[in-house]
Amino acid sequence: MTQDPKAPPCAECNRRQFLKEATGAAAALTMAAALPYGCGDDANLDDLTQDLPLALTEHPELAQRGQTKLIDAGLSCPIAVTRTADNDFVITGTECSHQNCCVGRNGDGWRCPCHGATFSFEGERLGGPAPVGLTRYGFSLDGDTLTILGKS
């Protein structure tokens, strides 16, 4: 028995088509939910929201210019603190804005190990798939207490 090509598909075909489409939609939703948050969206980076005081005496590597200390602030990736002068620091997040991997030092800058995005020492985006640079933090210095200023 052959079906007329102009006739509507049989009921079995409609069920099959429905199941095929429903399975595809469910798979797409599952994949979207599994994507890292914030992919390409700077507003979703894991930013420090409260000020974080650091006793410099507890971080001797920050006594010398050019030394970087990674600080665990309870975020997905550490915050990088580098002394650049007696009373000056460069403080950046280390979370890449592409797929939220933690970047690492690479010469005089930063590089994402996941997809190769590169950033300047100050966090500026230089190349690769990251849409924006690393998060920059302000600071205040009072004696031996460096306070990293959270984003509000």
Side-chain angles (χ1 to χ4, degrees), residues 13-152:
C13 296
N14 284 340
R15 280 193 293 272
R16 247 186 254 135
Q17 186 63 31
F18 170 79
L19 290 173
K20 182 178 174 184
E21 290 175 11
T23 303
L29 286 172
T30 301
M31 287 175 58
L35 286 174
Y37 73 91
C39 183
D41 182 0
D42 186 41
N44 288 331
L45 288 180
D46 199 6
D47 289 338
L48 184 68
T49 57
Q50 296 180 355
D51 293 352
L52 177 64
L54 298 175
L56 291 175
T57 54
E58 294 177 15
H59 303 284
E61 50 276 86
L62 292 175
Q64 295 180 6
R65 292 180 187 179
Q67 295 295 314
T68 298
K69 172 70 176 173
L70 296 178
I71 304 295
D72 180 0
L75 306 174
S76 296
C77 297
I79 293 176
V81 178
T82 305
R83 183 180 285 252
T84 56
D86 287 343
N87 295 316
D88 198 22
F89 295 84
V90 170
I91 304 172
T92 66
T94 60
E95 185 176 355
C96 181
S97 59
H98 175 237
Q99 289 193 343
N100 310 100
C101 296
C102 300
V103 301
R105 282 303 292 269
N106 184 37
D108 60 354
W110 300 94
R111 183 178 187 283
C112 181
C114 296
H115 299 102
T118 55
F119 306 89
S120 72
F121 171 71
E122 292 84 11
E124 244 179 71
R125 180 194 172 276
L126 298 176
V132 297
L134 302 174
T135 301
R136 286 285 307 260
Y137 292 99
F139 69 91
S140 65
L141 185 61
D142 183 14
D144 282 337
T145 300
L146 172 72
T147 300
I148 301 170
L149 304 177
K151 304 278 183 175
S152 41

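Hydrogens, waters and symmetry mates play no part in the numbers below; they use all other heavy atoms, side chains included.
- Rounded to the nearest 0.5 Å, atoms CD (Gln50) and CD1 (Ile148) are 13.0 Å apart.
- Put simply, the side chain of Arg125 does not reach to within 4.5 Å of the side chain of Val132, judged on heavy atoms.
- Within the model, atoms CG of Asp72 and SG of Cys77 stand 10.5 Å from one another, a figure rounded to the nearest 0.5 Å.
- By the 4.5 Å heavy-atom criterion applied to side chains, Cys96 and Phe119 are counted as neighbours.
- A donor-acceptor pair is defined here as one N or O able to donate and one able to accept, closer than 3.5 Å; such a pair exists between the side chain of Asp51 and the backbone of Gly150.
- Of the listed residues (Leu70, Leu134, Ile79), just one forms a side chain to side chain contact (heavy atoms under 4.5 Å, CB included) with Thr94, and that residue is Leu70.
- Taking every heavy atom of both residues into account, Glu95 and Ser76 meet most closely at OE1-CB, 4.3 Å.
- Taking every heavy atom of both residues into account, Pro78 and Cys102 meet most closely at CD-SG, 4.4 Å.
- Sorted by first and then second residue, the pairs that involve residues 123-152 and meet ring pair (Phe, Tyr, Trp, His ring centres under 6.0 Å), not counting sequence neighbours, are Phe89-Phe139.
- At a cut-off of 3.5 Å, with distance as the only test, a side-chain donor of Arg105 or Thr68 sits close to an acceptor on the other residue.
- Put simply, the side chain of His115 reaches to within 4.5 Å of the side chain of Gln99, judged on heavy atoms.
- Within a 6.0 Å sphere centred on CD of Gln67, other residues, nucleotides and ligands contribute more than 12 heavy atoms.
- Heavy-atom minimum distance, Phe121 versus Thr82: CZ-CG2, 3.2 Å.
- Side-chain atoms of Thr135 and Asp47 form a donor-acceptor pair, as typed in the model, at a separation below 3.5 Å.
- Between His59 and Leu54 the shortest heavy-atom distance is NE2-CD2, 4.0 Å.
- The SG atoms of Cys114 and Cys101 are placed within less than 2.5 angstrom of each other.
- Within 6.0 Å of CD on Glu122 lie more than 12 heavy atoms contributed by other residues, nucleotides or ligands.
- Inter-residue side-chain proximity for Asp86 and Arg65 is flagged as met; some heavy-atom pair is nearer than 4.5 Å.
- The heavy-atom pair separating Pro60 from Thr57 by the smallest distance is CD-O, 4.3 Å.
- At a threshold of 4.5 Å between non-hydrogen side-chain atoms, the residues Thr147 and Leu52 do not count as touching.
- Within the model, atoms NZ of Lys69 and CD of Glu58 stand 10.5 Å from one another, a figure rounded to the nearest 0.5 Å.
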Ile91/Ile71 under side-chain contact (heavy atoms from CB on, under 4.5 Å): CA gap, chis, key distance, verdict: CA-CA 10 Å; Ile91 304 172; Ile71 304 295; over 6 Å; no

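- Closest heavy-atom contact between Thr145 and Pro53: CG2-CB, 4.1 Å.
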